[in-house]
Amino acid sequence: MTRHARNSTAGSVYTYHEKKKDQSQSGYGTTAARLGKDSVRNFDCCCLSLQPCQDPVITKEGYLFDKVVILQYVITKKKEVGRQLKAYEEQKKTEEKELATLAEAEKSDKVKSFVKQETNITSKPSTSKSSSEPSISNMAPGKESNVPSFWIPSKTPQAKPSAINKPDMTVYCPMTGKPLKIKDLIDVKFTEIDDPTDKRSNLTKDARYMCPVTRDTLSNSVPCAVIRTTGNVVTMDCVEKIIKKDWLHPLTGSKLTEKDIIPLQRGATGFSQTNSGLEAKKQRPALQV
């Protein structure tokens with residue numbers, strides 16, 4: 001029977017299509033899917049709230065945040081670190097108390113043993129015969145404190161609480177994992193498209209901002225950069241063709257350097273050549289045949 005017959009189940013080769021079909025039905029194997037344009041944030045949206053920024057600020061790495069959202073994130077992280085630090089200090093005080101208690105108990109045992117040795121010193125040999133074999137009774141002298149009664153609360157084993165490490169006081173960026181400081185955030189100024197015929201709100205428009213120099217509409221498909229000194233958002237074409245010629249600000253005429261140009265980390269367009277890392281994977285048990 002050929003593979004293209006009505007019931008082509010006699011093929012000796014396990015095809016790629018059959019494998020994928022079995023994976024989707026059985027729940028085995030790692031599945032991968034490329035994220036579309038609708039699954040990734042827009043270039044002017046906050047990296048935390050994924051909403052259009054009302055008061056945008058940018059980090060040195062080019063990630064855009066809403067100032068209110070990033071301030072709330074920093075405050076929340078600092079409160080969390082404060083709670084962890086308080087728990088760490090309480091644990092440290094408890095350990096110091098336990099060490100002091102153990103030191104006092106050890107000192108008390110040494111005093112008791114010394115007193116016992118001094119009282120056992122006699123001038124005459126003892127006439128009492130002590131058995132050389134140890135007693136197996138639980139109530140023999142010296143064994144009353146070691147009664148193996150596991151149902152007594154004082155005799156039951158207790159699990160010590162897990163040790164708390166000293167928390168790191170540094171707040172890290174949620175996107176890059178690098179230290180984040182409020183003073184390093186740079187205010188961003190988007191130039192709105194002034195269209196007198198469009199009466200819609202700026203947040204509901206598809207094309208909201210433009211480059212103040214070239215007047216090009218900004219979108220995810222247009223590479224952009226932020227000028228550190230003024231916070232203006234311009235296109236990378238403007239940077240390459242205008243700014244890098246004499247390194248002067250195209251709006252104010254001030255001197256610029258390479259560090260003053262911050263590439264804006266934009267979202268996705270759905271095209272493979274424009275963005276990378278847009279593939280989502282779901283790890284599942286492997287299907288071996």
For this session: Could you check Q54 against D66 for side chain to side chain contact (heavy atoms under 4.5 Å, CB included), going step by step and ending with a plain yes or no?
Result: CA-CA 6 Å; Q54 301 289 339; D66 198 331; 3.9 Å; yes

Exercise. Hey, mind stepping through I261 and W247 against side chain to side chain contact (heavy atoms under 4.5 Å, CB included) and telling me if it holds?
Worked result: CA-CA 10 Å; I261 306 299; W247 287 107; 4.1 Å; yes

Problem set entry | Stepwise side chain to side chain contact (heavy atoms under 4.5 Å, CB included) test for I182 and L71 | CA-CA 8 Å; I182 298 299; L71 287 178; 3.5 Å; yes

For this session: Might you work through the side chain to side chain contact (heavy atoms under 4.5 Å, CB included) test for M236 and V222, ending with a clear yes or no?
Result: CA-CA 8 Å; M236 290 302 295; V222 179; over 6 Å; no

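Across I242 and D246, no two heavy atoms sit closer than the pair O-OD1, 3.7 Å. Heavy-atom minimum distance, S219 versus S221: OG-OG, 3.0 Å. C53 and C45 get closest at one heavy-atom pair: SG-C, 3.8 Å. The shortest heavy-atom contact between L185 and L180 is CD2-CD1, 4.0 Å.
Atom CE of M175 sits about 10.5 Å away from atom CG of L64, to the nearest 0.5 Å. To the nearest 0.5 Å, atom CZ of residue R215 and atom SG of residue C238 are 11.5 Å apart. Here the CD1 atom belonging to I186 is positioned 3.5 Å from the CD1 atom belonging to I262, to the nearest 0.5 angstrom. Put simply, CZ on F190 and CZ on R208 are 9.0 Å apart, with the number rounded to the nearest 0.5 Å. We find the OG1-NE2 distance between T229 and H249 to be 4.5 Å, quoted to the nearest 0.5 Å. Within the model, atoms CG of L218 and CE of M210 stand 9.0 Å from one another, a figure rounded to the nearest 0.5 Å.
At least one side-chain heavy atom of L48 sits under 4.5 Å from a side-chain heavy atom of Y73. L85 has its side chain within reach of P167: a pair of non-hydrogen atoms, C-beta onward, lies under 4.5 Å apart. The shortest side-chain heavy-atom distance between E61 and K178 falls under the 4.5 Å cut-off. Between I227 and I243, some side-chain heavy-atom pair lies under the 4.5 Å cut-off. Counting heavy atoms from C-beta outward, F65 and I58 have side chains that stay 4.5 Å or more apart. Counting only heavy atoms from C-beta outward, the side chains of K77 and Y172 never approach each other to under 4.5 Å. At least one side-chain heavy atom of N42 sits less than 4.5 Å from a side-chain heavy atom of N220. No side-chain heavy atom of L248 sits under 4.5 Å from any side-chain heavy atom of S254.
Panel note: side chain D168, backbone T170; a donor-acceptor pair is recorded below 3.5 Å. The backbone N or O of K116 lies less than 3.5 Å from a partner atom in the side chain of T119, making a donor-acceptor pair. At distances below 3.5 Å, not a single donor-acceptor pair connects side-chain atoms of E192 with backbone N or O atoms of Y209. Not one N or O on the side chain of R41 forms a donor-acceptor pair closer than 3.5 Å with the backbone of C46.
Hydrophobic clustering (side-chain heavy atoms under 4.5 Å, transitive across Ile, Leu, Val, Met, Phe, Trp, Tyr) keeps V233 apart from L251. In the hydrophobic clustering of ILVMFWY residues, with side-chain heavy atoms under 4.5 Å counting as a link, V226 and V57 come out apart.
Screening T76, I75, V74 for a side-chain contact (heavy atoms from CB on, under 4.5 Å) with K78, the sole residue that qualifies is V74.
Heavy atoms from other residues, nucleotides or ligands lying under 6.0 Å from NZ of K244 number more than 12. Within 6.0 Å of the CD atom in E95, the count of heavy atoms belonging to other residues, nucleotides or ligands exceeds 12. Heavy-atom neighbours of K255 NZ from other residues, nucleotides or ligands within 6.0 Å: above the threshold of 12.
D237 and T235 share no side-chain donor-acceptor pair at under 3.5 Å.
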